Each structure stands twice: as C-alpha cells, then as structure tokens.
Amino acid sequence: MTDYERIAAAIAYARTHFQAQPDLEEMARQAHWSPFHFQRKFQEWAGVSPKKFLQYLSLDHAKTLLRQQLSVADAAYETGLSGPGRLHDLFVNLEAMTPGEYRQGGADLHIDYSFGDSPFGRYLVATTSKGICKLVFPETDEAAVAELRQEWPQATLAAQATGVHEQVARFFNGAFSPTERFTMHLKGTPFQFKVWAALLHIPEGQLTTYSQLARVAGHERAVRAVGTAVGDNPISYLIPCHRVIRQTGELGQYRWGATRKVALVGWEAARVHPNALIASPGLFH
C-alpha cells in the first residue's frame with residue numbers, strides 16, 4: 001500500500017465510524033502503522049494532525065463554508081483570490097475541441113499519456129497537441145488505458161510524458177510556478193463548458209452547492225443537469241468538481257470515489273484554514 005492508500009483507509013474508517021469518534025490508535029490500525037508513525041505520516045501529508053483533519057470534515061464546517069461562499073461568491077468571481085485560496089480560473093484555460101478533432105473516434109488526434117503519483121493517489125494524464133484532455137485517478141493503470149482507448153478508439157495513443165505531463169507533476173508536488181498555465185483541450189457541449197468554467201471559480205478550501213453552481217453557470221433552474229455535467233468532468237482536481245456538495249452539507253458523490261473526495265476537501269481546508277476552530281464532531285457523508 002502507498003502512503004496515500006493507508007491514509008485513505010483511515011479516513012474511510014473515520015467516516016463510517018464517526019459517531020464513535022475513533023481515536024488515533026483505531027485510525028492507525030486501519031493504516032497498518034503504529035500510532036506514532038501514523039501521526040507523523042498524516043501530519044506530513046495533511047499539514048495537521050488526524051484529529052484536526054477530521055474537524056474539517058464536520059457538517060458545521062461545511063455549512064459555514066457554504067454560508068461564506070454565498071456572501072463572498074459574487075466578489076470572488078469578479079476579483080479572484082490570491083495565495084493558497086486562488087481561483088483555478090487564474091491558471092486554467094478551457095478550449096473546446098472542434099467537431100473535426102473528435103469525429104470518428106479522434107481519427108486525427110495524437111494523444112500522449114503517462115502516469116504519476118500525487119498526494120491523492122496515482123493519476124493518469126493524457127494530452128493532445130493543444131492541452132490536457134484527461135486527468136483521472138484510476139483504479140488500475142490497465143483500466144485507465146482501456147478507458148482512454150474506448151473514448152478515443154481511432155486516435156493514435158503514445159505512452160510517453162511531455163512537458164505538460166511534467167507540469168502536472170510539478171503541480172501535484174507543490175513546485176508549480178505562479179506564472180505557469182494549463183490549457184484543457186476538451187470534448188463537451190456548450191452547457192458542459194459553462195458548468196466546467198463555473199467550477200474554476202470555486203476557491204481552494206471553499207465549497208459550493210449544486211444550486212449555487214447552477215446560478216453561477218447561468219442555469220439557475222437546471223440544477224439536475226448541472227449535477228450531471230459536474231459528474232461528466234474529465235479533469236480531476238484541476239477542474240475542482242470535488243468542491244461541490246449537497247445543500248445539507250453532506251458530501252455527495254464523486255466520480256473518483258467518496259473517500260478521495262473527503263481527502264481532497266479536508267487536505268485543502270487544512271492548507272487554507274490551518275487555524276480554524278471547529279467544534280462539531282459529526283462528519284458529513
């Protein structure tokens with residue numbers, strides 16, 4: 001097991017046993033580490049202790065963030081944010097594939113792909129000559145390549161890393177320069193692009209609801225369709241669909257697993273709100 005897989009096992013256990021408020025020893029047992037080693041490894045990963053991390057996953061904290069998002073959303077969308085809470089739209093550009101590029105299963109496309117490791121597990125990144133077309137957290141390498149071939153059956157696929165792939169690795173390793181930019185080269189409908197663009201406006205460490213996102217996307221009455229477009233997002237993390245939760249404060253679903261969504265939300269909260277004081281022990285699901 002990788003360090004992330006051990007930590008994820010402990011987080012999953014804490015989510016399913018939250019009413020019993022599992023202690024350090026119980027969580028360490030799920031990770032197959034001693035309590036001392038687990039505490040140290042978790043602190044290295046999240047920047048905070050396991051106990052503090054679980055506080056970021058409380059319903060009260062989620063609801064507080066949702067209230068804040070309602071009050072600051074319009075200003076944030078207009079001005080952007082700096083520092084760790086910067087908006088993704090400051091360094092991510094979305095470009096739509098033309099019908100000619102994606103017709104006939106991508107017959108005219110050359111796609112390079114490679115794998116890497118991130119704080120949230122192993123990932124696959126795939127790129128065309130214009131930008132990133134896929135970034136996912138797969139169950140296995142084989143399954144990820146098979147899915148890529150199924151999506152683009154006529155494209156030329158090459159298992160090789162490019163400069164953009166190295167850029168993604170720097171991003172996940174915390175060595176991403178503020179001047180760097182990503183271009184996403186995606187197949188999607190105009191509606192999907194509006195939703196994916198709206199996702200880029202959610203700052204790191206913040207959360208929003210599907211109804212709030214629908215309003216920002218300009219489709220306030222199409223909440224269900226917006227939720228479907230969120231689920232169809234082909235770019236994990238860089239297009240931050242993990243920051244969308246239910247109106248109740250509950251986590252909701254995630255294309256790459258509910259435990260990974262918990263890890264992402266808690267990890268970002270620990271980075272952006274390291275001194276937050278949260279009283280509620282209940283975890284959102």
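Keep in mind that what you see is a predicted model, and the values were worked out from it rather than measured.
- Using a 4.5 Å heavy-atom cutoff, the side chains of T259 and R15 are in contact.
- Residues L24 and Q39 meet the side-chain proximity criterion, which asks for heavy atoms closer than 4.5 Å.
- Distance alone, capped at 3.5 Å, is enough to place a donor-acceptor pair between the E26 side chain and the D23 backbone.
- The side-chain heavy atoms of W196 and I235, taken from C-beta on, include no pair separated by under 4.5 Å.
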Atom pairs and distances, donor-acceptor, side-chain atoms in residues 145-152, under 3.5 Å, two or more places apart:
unit_1: E147; atom_1: OE2; unit_2: K134; atom_2: NZ; d: 2.8
unit_1: E151; atom_1: OE1; unit_2: K134; atom_2: NZ; d: 3.3
unit_1: E151; atom_1: OE2; unit_2: K134; atom_2: NZ; d: 2.7

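- Ion pairing between a basic and an acidic side chain is recognised when a charged N comes within 4.0 Å of a carboxylate O; E44 and R40 show such pairing.
- With sequence neighbours excluded, the residues forming a side chain to side chain contact (heavy atoms under 4.5 Å, CB included) with A263 are Y4, I11, W45, listed by chain and number.
- Side-chain contact between I239 and L94 is present, with at least one heavy-atom pair separated by less than 4.5 Å.
- More than 12 heavy atoms of other residues, nucleotides or ligands sit less than 6.0 Å from atom CD of Q43.
- Of the possible polar contacts, one joining the K261 side chain to the L251 backbone as a donor-acceptor pair under 3.5 Å is found.
- With values rounded to the nearest 0.5 angstrom, Q30 atom CD is found 14.0 Å from I7 atom CD1.
- Between Q253 and R246, some side-chain heavy-atom pair lies under the 4.5 Å cut-off.
- A 4.5 Å side-chain heavy-atom check between L213 and L199 finds at least one atom pair inside the cut-off.
- Side chains of Q247 and S211: a donor on one and an acceptor on the other come within 3.5 Å.
- Under the salt bridge (charged side-chain N to carboxylate O under 4.0 Å, His left out) criterion, R170 pairs with E180, sequence neighbours left out.
- Residues P203 and H201 come closest through the heavy atom pair CD-O, 3.3 Å.
- To the nearest 0.5 Å, the span separating SG on C133 from OH on Y113 amounts to 12.5 Å.
- A donor-acceptor contact under 3.5 angstrom links the side chains of E268 and H242, judged on distance only.
- Once rounded to the nearest 0.5 Å, the distance linking CG of L186 with CD of E101 reads 11.0 Å.
- Side-chain contact check for F137 versus L124: every heavy-atom pair is 4.5 Å or farther apart.
- Note: Q154 CD to D108 CG = 10.5 Å, rounded to the nearest 0.5 Å.
- Heavy atoms from other residues, nucleotides or ligands lying under 6.0 Å from CD of E220 number 12 at most.
- With hydrogens and angles disregarded, a donor-acceptor distance shorter than 3.5 Å links the side chain of Q167 to the backbone of R181.
- In this view, R6 and M1, A31, H32, W33 satisfy the side chain to side chain contact (heavy atoms under 4.5 Å, CB included) rule, not counting sequence neighbours.
- Ring orientation note: the planes of Y254 and W256 are nearly perpendicular, at an angle over 60° on the 30°/60° scale.
- In summary, D232 and R255 do not engage in a salt bridge, as defined by a charged side-chain N under 4.0 Å from a carboxylate O.
- Contact record, M184 with L238: CE-CD1, 3.5 Å, taken as the closest heavy-atom pair.
- Put simply, the side chain of R122 never gets that close to the backbone of D117: no donor and acceptor are under 3.5 Å apart.
- Residues Y13 and F42 do not share a hydrophobic cluster, clusters being chains of Ile/Leu/Val/Met/Phe/Trp/Tyr side chains in contact below 4.5 Å.
- S236 places a side-chain N or O within 3.5 Å of a backbone atom of L135 that can act as its donor or acceptor partner.
- In terms of the salt bridge (charged side-chain N to carboxylate O under 4.0 Å, His left out) criterion, residue partners of D3 (sequence neighbours excluded) are, by chain and number, K41.
- The number of heavy atoms from other shown groups lying within 6.0 Å of CD (E5) is above 12.
- Contacts of H165 classified as side chain to side chain contact (heavy atoms under 4.5 Å, CB included), with partners at least two apart in sequence or in another chain: D112, S114, V125, T127, A161, T162.
- Taking the six-membered ring for Trp and the full ring otherwise, the centers of Y237 and F120 sit less than 6.0 Å from each other.
- Inter-residue side-chain proximity for Q206 and R243 is flagged as unmet; no heavy-atom pair is nearer than 4.5 Å.
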